[in-house]
Amino acid sequence: MGRRHEAAEVKEMLSASRLVTLTGVGGVGKTRLALRVADEARRAFPDGVWLAELAELDNPALLAQGLTEALEIRDHSPRPALDVLVDHLRDRQALIVLDNCEHLLEECARLADRLLRAAPGLRLLATSRQALGTAGEQSLAVPTLGLPDLEGPRPTLATLARCDAIRLFTERAAAIVPGFQLTEDNRDAIELICRRLDGIPLGIEIAVVRLRALSVQQLLDRLDDRFRLLTTGSRTVLPRHQTLRALIDWSYELCTERERLLWARVSVFAGSLDLDAAEAVCSGEGIDRAEILDLVTELVDKSVLLREDHRTAVRYRMLDTLRSYGRERLAAAGEEDVRLRRHRDYYRGLAADARAALFGPAQVQWFARLQLEHANLRTALEGSLTEPGQTGRGLEMAADLLYHWITSYYLGEGRRWLDQALALCTEPTAARARALWTDSWLAVIQSDTDAAAAMLEESRSIGTRLGLDPVLAYTALYSGMVAMYRGETWSAIALYEEAVTRHRATGDPVGLTLALIRLSLAHSFIGDSPRAIALGEESLAVCDAYGEGWHRAYTMMALGMDVWRQGDTARAAALEKDSLTFNRSLDDPLGVAVNLEVLAWIAATDRDHTRAAGLLGALRTIWHAIGAPHSGYGHLVHYHEECEATVRRALSKAAFNTAFKRGARLSYTEALVYALENELPSEEPAVGGRPSPLTPRESEIAQLVAQGLSNKEIASSLVIAQRTAEGHIEHILSKLGFTSRAQVAVWVAEGHRTAEADGQHPPEDPA
C-alpha cells in the first residue's frame with residue numbers, strides 16, 4: 001500500500017538522527033509505516049531489527065522489562081531490567097521499533113535517552129500520537145493516504161487506481177466482495193468515501209467492511225448522513241480524530257446490542273485472548289455463554305476483532321484504537337469494575353490450573369499457553385496487588401506461576417512480583433511460606449544465595465509453626481541448593497535426603513523429582529556413581545509414570561554427567577543430546593547451557609580439543625546472555641575450569657583462540673546445531689585461499705557498489721549518512737588497491753568472497 005515517499009523520508013531521517021518518531025492520529029498508519037521501514041532497513045542492522053509493542057503495557061515500571069522481552073533477552077541476573085538492556089545493546093548495531101508510546105510518553109523518552117547514550121550503534125523508531133520530546137529526536141507527522149488533486153484535471157481510471165487511498169479501498173473491498181473492481185461507475189463514490197474519511201487507513205478499512213451489506217453508493221450516503229449530523233450542516237471539515245471517532249461510533253451503533261456488549265467487555269483484555277477467556281469473562285448480564293462464539297465470529301467479520309492463528313489455538317486481538325473505544329463504553333455502562341474482576345479471577349484460576357497440570361503430558365502446552373497469556377497474567381497480578389483485600393490472592397497467583405517465570409523471559413519479573421506481594425502480605429500464613437520458597441528458587445537461579453537463604457529460613461519457620469509438611473519439604477530442597485552452591489556438599493546431601501523423604505511422604509512428584517535430580521548430581525560430585533545412577537533412574541521412573549518431559553530432560557542431563565565421569569563418553573553424549581533436544585524444544589536456555597557444558601567436557605575427554613574449545617566459546621556467549629553463570633549449578637564451575645585448562649594445554653594458544661572465538665561467534669541456533677550434530681557452519685577459504693580483507697559492513701557496501709548504486713543510494717539503503725558511506729568506499733578502495741568503483745564491481749563479479757560469506761559475523765545474542 002503505497003507510502004514509498006514517506007518510507008524513503010523516514011529512512012533518510014534515520015540516517016541523520018538516532019531517534020525518529022512517527023506521529024499522527026490513531027489509525028493513520030504509523031505502525032504499518034514503521035514496520036515497512038524496519039523491514040526495508042534490515043540489511044543496515046547486523047544485530048537485528050526488533051519490534052516492541054507497548055499498547056498492552058499499562059504499568060510504566062515494566063517498560064524496560066517489556067523491552068527485554070521484545071529483544072528476547074533471557075537474563076537471569078538480579079540486575080534491573082534497564083541495566084540489562086544497556087549492557088545488551090552497548091556494542092550492537094540494531095534498530096528497535098517502539099510502537100504506541102503515547103500512554104508512556106515520559107517513560108519512553110527517558111528510556112530512549114538512556115539507551116541512545118549508552119549504545120552508539122542503536123537506532124530507535126517510535127510511533128506515538130505526539131513526539132517524545134527528547135534531544136536529537138526527529139519527528140514526522142505521518143500524513144493520511146494520498147488522494148487525487150482536486151484542482152487538477154480529472155484523473156484517468158488507471159491514475160486513480162494508483163492513488164494510495166483508492167488502492168487500499170479497492171484491495172480491501174476485493175477481499176470482502178470477490179471480483180470487486182474500481183470502475184467508471186463507482187470511481188466517484190469511492191473517491192468521495194476516501195475524502196470523507198480524510199484518507200485515514202483505519203477509517204477506510206472499517207468502512208469497507210460495510211460493503212458486505214451495502215453498495216458503494218449506499219455506504220457513501222450513510223457516511224454523509226453521519227458526518228452531516230456532527231457538523232450540523234456547516235461546511236466545516238471535521239478534524240481527523242473526530243472523523244475516525246464518528247466512523248467508529250457508526251460501526252458500534254450498527255452492531256447488535258449483544259455485539260456492542262462483547263466489544264466493550266473484550267476491551268479489558270491486554271494483548272490477545274482465546275475463546276475460553278471470552279466465554280468466562282464476557283458472558284452473563286445480557287450475553288449467554290453459548291452465544292459468545294457466534295458473537296466473536298460476527299466481530300471478526302466486522303473487523304472489530306482480528307483473528308490470529310497459533311500452533312495450538314486460535315486467538316483474537318483488538319486494535320488499540322478500538323480497544324480504547326470499547327473501554328470508554330464499558331466505563332460509561334458502569335461495567336468496568338465487574339469485568340476487570342472477572343478478568344482477574346479467570347487468570348488467577350488459569351495460573352492455578354497450570355500449576356496443577358505442571359507434571360504431566362500437557363506440560364509444554366501449558367508453558368506455551370502461559371507465554372501467550374503473559375500480558376493478561378500481568379494485568380491480573382497488578383489488579384490483585386492494588387485492590388484492597390485481594391493481595392493474598394495475588395501472592396498465591398505469583399507463586400502458582402513459578403514455572404512460567406523460570407521457563408520464559410520473565411524470571412526477573414517473576415521475582416519482582418513475588419517481592420512486591422511478600423512486602424504487602426506480611427502475615428505468617430501458608431501462602432506466604434509457599435511464596436517465600438518459590439521466590440528463593442528464583443534467587444538461587446540468579447546466584448543471589450544470601451537472599452535465598454533468608455527467605456528459606458523464614459519459610460521454614462512458618463512451616464514448622466503451622467505444621468506444613470510440603471513447605472518443609474521444599475525449604476529442605478532449596479536450602480540444599482544454597483549449600484551446594486556454597487561448597488557445603490555434605491550439608492547439601494543431608495538436606496536433599498530430607499527433601500526426598502518429605503516429598504515421598506506428601507506424594508508430590510514435582511518436589512520428589514527435583515530432589516532426586518539434585519541428590520543424584522551431589523552424589524556424582526563426590527564420586528558415588530552407583531548412588532547417583534540409582535537416584536537418576538528413580539527420577540526417570542517418576543517422570544515416565546506421569547508422562548512428564550522437562551524434569552526428565554534434567555534427569556538425563558544429570559545421568560549423562562555421571563556416565564561421563566565413569567568414562568562412557570558415547571552413552572553420556574547420547575544422554576546429553578536427548579536432554580538438549582527437549583530443552584531446545586522448550587527454549588530453556590539454562591538447561592541448554594548445562595547440556596553444552598557436559599558436551600564440552602565429553603569432547604575434552606575424547607581428545608576432540610578443537611570441538612571442546614568451540615563449545616566453550618559458545619558457552620561464554622550463552623552464560624553471558626543468561627546473566628548468572630552456572631546459575632543454580634555453581635558447583636559445576638570446577639568441571640568447566642578443568643575442561644578449559646585441559647584444552648588449553650592440548651592446543652596451541654593460536655589454535656585455542658581460533659576455535660574459542662569461532663564458537664563465541666555462533667548464534668544461539670548455530671551453537672545448538674553444532675552441539676547436536678558436531679558440525680560448525682561452513683567456513684570455506686576465499687578464492688586463492690585468502691580470507692576477504694573487508695569487514696562485514698564494507699563487504700555489504702561493496703555488493704551495493706557492484707549493483708551500480710550511488711553513494712546517496714547506498715546511504716539511504718543502509719540508513720547511514722552519505723559521508724559515512726563515502727568513507728567506507730574509500731577504505732574498500734584502499735584495502736583492495738583499486739582506484740575506481742568499476743574495479744570493485746569486477747572484483748565482486750569475479751566471485752571474491754566477502755567477510756560476511758566467510759562467516760565473519762558480529763556476535764549475536766544467544767537468547
Any His609 side-chain heavy atom under 4.5 Å of Arg607 side chain:
yes
Please work out which of the three classes, parallel, tilted or perpendicular, describes the rings of Tyr403 and Trp550, given edges at 30° and 60°.
perpendicular
Separation of Gln93 CD from Arg123 CZ (nearest 0.5 Å):
9.0 Å
Determine whether a donor-acceptor pair (N or O, by modelled atom type, separation under 3.5 Å) exists between the side chain of Thr581 and the backbone of Lys577.
yes
Side-chain touch Tyr639/Glu597, heavy atoms, less than 4.5 angstrom
no
Arg18 (side chain) donor-acceptor with Leu122 (main chain) under 3.5 angstrom:
yes
Among Val84, Leu89, Asp87, find the one that has a side chain to side chain contact (heavy atoms under 4.5 Å, CB included) with Ile73.
Val84
For Val647 versus Ala613, what's the shortest heavy-atom pair and its separation?
CG1-CB, 3.9 Å
Between atom OG of Ser440 and atom CD1 of Ile445, what is the distance when rounded to the nearest 0.5 Å?
9.5 Å
If you count heavy atoms of other groups shown closer than 6.0 angstrom to CD of Glu457, is the number above 12?
no
Shortest non-hydrogen contact between Gly480 and Ala492, atoms and distance
O-CB, 3.4 Å
Closest approach of Asp91 to Asp47 (non-hydrogen atoms, all atoms of both residues):
O-OD2, 4.4 Å
Apply the test side-chain contact (heavy atoms from CB on, under 4.5 Å) to residues Thr407 and Asp588: give CA-CA distance (whole Å), side-chain angles for both, the deciding distance (0.1 Å), then the verdict.
CA-CA 6 Å; Thr407 60; Asp588 171 17; 5.7 Å; no
Under the criterion salt bridge (Lys or Arg N to Asp or Glu O under 4.0 Å), I'd like the reasoning laid out for Arg531 against Asp562: C-alpha separation, chi angles, the key distance, then a yes or no.
CA-CA 10 Å; Arg531 180 70 172 142; Asp562 195 78; over 6 Å; no
Any salt bridge between Asp528 and Arg565, counting N to O under 4.0 Å?
no
Could you tell me if the side chain of Thr489 sits less than 4.5 Å from the side chain of Met484, heavy atoms only?
yes
Between NZ of Lys653 and CZ of Phe660, what distance do you get to the nearest 0.5 Å?
13.5 Å
Could you give the distance from CG (Leu85) to CZ (Arg79), rounded to the nearest 0.5 Å?
10.0 Å
Looking only at atom types and distance, does a side-chain atom of Tyr668 sit under 3.5 Å from a main-chain N or O of Ile622, one as donor and one as acceptor?
no
I want to check something: taking the side chain as every heavy atom from C-beta on, are Leu575 and Trp564 in contact at a cut-off of under 4.5 Å?
no
In terms of the angle between their ring planes, are Tyr474 and His503 parallel, tilted or perpendicular, with boundaries placed at 30° and 60°?
perpendicular
Within-4.5 Å side-chain heavy-atom neighbours: Phe367 and Leu358
yes
Looking at Thr475 and Leu472, would you say the former's side chain and the latter's main chain have a donor-acceptor pair under 3.5 Å?
yes
Please check this pair: side chain of Thr555 against backbone of His551, looking for a donor-acceptor N/O pair closer than 3.5 Å.
yes
For residues 63-71, run the donor-acceptor check on the side chains, cut-off 3.5 Å, and write out each pair with its distance to 0.1 Å, sequence neighbours left out.
from: Gln65; atom 1: OE1; to: Arg416; atom 2: NH2; distance (Å): 2.6
from: Gln65; atom 1: NE2; to: Glu69; atom 2: OE2; distance (Å): 3.3
from: Thr68; atom 1: OG1; to: Gln65; atom 2: O; distance (Å): 2.6
from: Glu69; atom 1: OE2; to: Arg378; atom 2: NH2; distance (Å): 2.7

Minimal heavy-atom distance between Pro78 and Arg415, with the atoms involved, is CB-NH1, 4.1 Å
Got more than 12 heavy atoms from elsewhere within 6.0 Å of CZ, Arg42?
yes
Less than 4.5 Å apart, any side-chain heavy atom of Trp441 and any of Leu514?
yes
Is the shortest side-chain heavy-atom distance between Trp437 and Leu402 below 4.5 Å?
yes
What verdict does the side-chain hydrogen bond (donor to acceptor under 3.5 Å, both in side chains) test give for Ser491 and Arg486, after you've listed the backbone C-alpha separation in whole Å, the side-chain angles of each residue and the deciding distance to 0.1 Å?
CA-CA 10 Å; Ser491 294; Arg486 291 173 172 175; over 6 Å; no
Stepwise, does the side-chain contact (heavy atoms from CB on, under 4.5 Å) test hold for Leu599 with Leu580?
CA-CA 10 Å; Leu599 287 169; Leu580 175 58; 4.2 Å; yes
Whether the side chain of Trp405 engages the backbone of Ala398 through a donor-acceptor N/O pair (distance < 3.5 Å, no angle test) should be reported.
yes
Indicate yes or no for a side-chain donor-acceptor contact from Glu498 to the backbone of Arg502 under 3.5 Å, with no hydrogens or angles considered.
no
Is a salt bridge present between Arg504 and Glu538, judged by a nitrogen-to-oxygen distance below 4.0 Å?
yes
Donor-acceptor contact below 3.5 Å, side chain Ser520 vs main chain Leu516
no
Show, in sequence, the C-alpha distance, side-chain angles and deciding distance for Tyr410 and Leu370, and conclude whether the side-chain contact (heavy atoms from CB on, under 4.5 Å) test is met.
CA-CA 11 Å; Tyr410 317 117; Leu370 292 179; over 6 Å; no
Just so I know, are the side chains of Thr501 and Tyr496 near enough to count as touching, which here means a heavy-atom distance under 4.5 Å?
no
How close do Leu495 and Ala476 get, heavy atom to heavy atom, and via which atoms?
CB-O, 3.5 Å
Heavy-atom closest pair (Ala118 atom, Val86 atom, distance to 0.1 Å) is CB-CG1, 3.5 Å
Working to the nearest 0.5 Å, report the span between CG of Leu116 and CG of Leu124.
4.5 Å
Quick one: does any side-chain atom of Ser459 pair with a main-chain N or O of Met455 as donor and acceptor, under 3.5 Å?
no
Spatial distance of atom CG (Asp439) from atom CG (Leu456) [nearest 0.5 Å]:
9.5 Å
Candidate pair Leu115 and Leu82, rule side-chain contact (heavy atoms from CB on, under 4.5 Å), full reasoning
CA-CA 9 Å; Leu115 293 181; Leu82 183 55; 4.3 Å; yes
Within 45 degrees of the axis of the six-membered ring of Tyr674 and under 6.0 Å from its centre: does Arg611 put its NZ or CZ there?
yes
